[in-house]
2 protein chains.
Amino acid sequence: MSQLDEQAFNHIAKYFQALAEPMRLKILNGLRDGEKNVTELVEISGGTQANVSKHLALLRDAKLIKRDSRGTKAYYSIADQCIYELCSLVCGQIASQMSIDVAANAAFISALKTN
Amino acid sequence: MSQLDEQAFNHIAKYFQALAEPMRLKILNGLRDGEKNVTELVEISGGTQANVSKHLALLRDAKLIKRDSRGTKAYYSIADQCIYELCSLVCGQIASQMSIDVAANAAFISALKTN
DNA sequence: ATATTACATGAGTATATAGTTATATAGAAA
DNA sequence: TTTCTATATAACTATATACTCATGTAATAT
């Protein structure tokens, strides 16, 4: 396994790691319909301000979101639209795995799908 | 945020978590061309037998791979082909983000792409 | 029966990270 | 300037998890 491959695997793992947290998925889902400031994301996610700020910093570091500071507020938005395609794939997979009533999840899952 | 949504986010996060580890990505990459037993995966990944076994158990728990025990050997194979599609998406994204020479990674990245 | 091969797993350690609390900083308003 | 609002961050705690080492278990071979 070459050094280059090692680095590539590390990068890919770090990318998935950013998506591997329910609170961060909530935040990303909250950004689906456009930019939002931190206070709005705190309300949407139900987390504390400090915790949401930290997750936003992590997501920004992973280049999944971008920050636009206007006045005293910080507006975050999706930097990488393929996030939703990833989630859509995973949702489809999970839905087909789970033996629960898929129809019950239809609204949510279709909301997570980009196309 | 409904209880159903909470569960869904947890599921999706857990799925990504399974992919968020370089050693597991190596193992999954090693399974790209078909089933392999543990010893083979140990060689391919460069990990210890104990550690590879544990990662295999985790991947199986996440339903990404399946196990077929034949004689004294355990053959693992991909249970969820969409893994590679996920990796392909992430690879493309990372490649376009990184300011490194993409051509240098071409072989690896194309190897990770399903189509 | 004993040994060997292949794999799984428990115990223990080290590290990473999610969350909380308190505080810092920066812009806007009074 | 002082105050208020919005956000970021440091310090800390708790938990999860990656890894190693040792051992357990099961199938095969001698």
Side-chain angles (χ1 to χ4, degrees), chain A residues 1 6-7 9-31 35-77 79, chain B residues 1 6-7 9-31 35-77 79:
Chain A
M1 194 85 41
E6 292 285 341
Q7 272 192 28
F9 283 123
N10 289 342
H11 269 102
I12 300 167
K14 194 186 170 193
Y15 193 98
F16 282 128
Q17 180 67 46
L19 294 169
E21 230 285 323
M23 179 65 75
R24 285 197 288 273
L25 292 176
K26 278 188 208 174
I27 291 170
L28 292 171
N29 196 46
L31 294 176
E35 66 172 17
K36 291 200 170 50
N37 65 43
V38 179
T39 301
E40 290 169 328
L41 289 171
V42 167
E43 288 165 8
I44 289 172
S45 68
T48 64
Q49 181 267 315
N51 199 28
V52 170
S53 268
K54 282 178 139 183
H55 283 304
L56 288 168
L58 188 151
L59 287 169
R60 193 155 77 109
D61 188 58
K63 302 195 200 306
L64 299 194
I65 60 176
K66 53 192 183 221
R67 190 184 115 113
D68 183 29
S69 184
R70 295 203 296 275
T72 173
K73 299 185 180 176
Y75 289 89
Y76 286 89
S77 57
Chain B
M1 193 85 42
E6 293 284 341
Q7 273 193 25
F9 283 125
N10 288 343
H11 269 102
I12 300 168
K14 194 186 171 193
Y15 193 99
F16 282 128
Q17 181 67 45
L19 294 169
E21 229 286 324
M23 178 66 74
R24 286 197 286 273
L25 293 176
K26 279 187 206 175
I27 291 170
L28 293 171
N29 196 46
L31 294 176
E35 66 171 14
K36 290 200 172 49
N37 64 44
V38 179
T39 302
E40 289 170 330
L41 290 171
V42 167
E43 287 164 7
I44 288 171
S45 68
T48 64
Q49 181 266 314
N51 199 29
V52 170
S53 268
K54 285 190 169 181
H55 283 304
L56 288 169
L58 188 152
L59 288 169
R60 193 155 78 111
D61 188 58
K63 303 195 199 304
L64 300 193
I65 60 176
K66 53 191 181 221
R67 189 184 116 113
D68 182 29
S69 184
R70 294 205 295 275
T72 172
K73 299 184 179 175
Y75 289 89
Y76 285 89
S77 58

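Values below: every heavy atom of this structure, side chains too, minus hydrogens, waters and symmetry copies. Proteins get letters first, then strands, A, B, ... in listed order; numbering begins at 1 in each.
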Rounded to the Å, how far apart are [X] [atom1] and [N] [atom2]?
X: B/Lys73; N: C/dC7; atom1: NZ; atom2: P; value: 7 Å
X: B/Leu56; N: C/dA6; atom1: CG; atom2: P; value: 16 Å
X: A/Asn51; N: D/dC12; atom1: CG; atom2: C1'; value: 14 Å
X: B/Arg60; N: C/dC7; atom1: CZ; atom2: C1'; value: 12 Å
X: B/Glu40; N: C/dT5; atom1: CD; atom2: P; value: 17 Å
X: A/Tyr76; N: D/dA6; atom1: OH; atom2: P; value: 15 Å
X: A/Glu35; N: D/dT7; atom1: CD; atom2: C1'; value: 16 Å
X: A/Asp61; N: D/dA8; atom1: CG; atom2: C1'; value: 15 Å

Is there side-chain contact between [X] and [Y], with heavy atoms separated by less than 4.5 Å?
X: A/Lys14; Y: A/Asp61; value: yes
X: B/Asn29; Y: B/Leu25; value: no
X: B/Ile65; Y: B/Leu28; value: yes
X: B/Leu19; Y: A/Leu19; value: no
X: B/Ile27; Y: B/Tyr76; value: no
X: A/Arg70; Y: A/Glu35; value: yes

Exercise for review: Spell out protein contact along nucleotides 22-30 of chain C as letters: B when the base is contacted, S when just the sugar-phosphate is, - when no protein heavy atom is under 4.0 Å; keep the 5' to 3' order.
Suggested key: B----SS--

Check your understanding: Does A/Ala18 offer a backbone N or O that forms a donor-acceptor pair with the side chain of A/Arg24 under 3.5 Å?
Key ->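 It does hold such a pair.
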
**Study point:** Distance below 4.0 Å between A/Arg67 side-chain N/O and D/dT7 OP1 or OP2
**Key:**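 It does not, given that no N or O in the side chain of A/Arg67 lies less than 4.0 Å from OP1 or OP2 of D/dT7.
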
Review point. If you pin A/Tyr75 and A/Lys54 to their nearest nucleotides in DNA chain D, which one's is more 5'?
Key: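 Comparing both residues, the 5'-ward one is A/Tyr75.
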
Practice item. Check each of A/Glu40, A/Lys36, A/Lys26 against A/Leu31 using the side-chain contact (heavy atoms from CB on, under 4.5 Å) test, and report the only one that passes. Key: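 Result: among A/Glu40, A/Lys36, A/Lys26, A/Lys36 is the only option passing the side-chain contact (heavy atoms from CB on, under 4.5 Å) with A/Leu31.
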
Review point. NA contact type, A/Thr39, heavy-atom cut-off 4.0 Å: base, sugar-phosphate, or nothing?
Key: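 It contacts sugar-phosphate atoms only.
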
Check your understanding: Between A/Ser53 and A/Gln49, does any side-chain donor sit less than 3.5 Å from a side-chain acceptor?
Key ->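 Side-chain D/A pair, A/Ser53 to A/Gln49: present.
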
**Study point:** A/His55 side-chain proximity, nearest of C/dT20, C/dG19, D/dT7
**Key:**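 The nucleotide sitting nearest to the side chain is C/dG19.
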
Review point. Counting side-chain heavy atoms from CB outward, which of D/dA8, D/dT20, C/dC7 is closest to B/Thr48?
Key: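 Nearest to the side-chain atoms of B/Thr48, counting from C-beta on, is D/dT20.
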
Practice item. Return the residues of residues 16-23 of chain B meeting this criterion: a heavy atom under 4.0 Å from some atom of DNA chain C. Order them by number, or give none. Key: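 Residues of residues 16-23 of chain B that come under 4.0 Å of DNA chain C do not exist, since none gets that close.
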
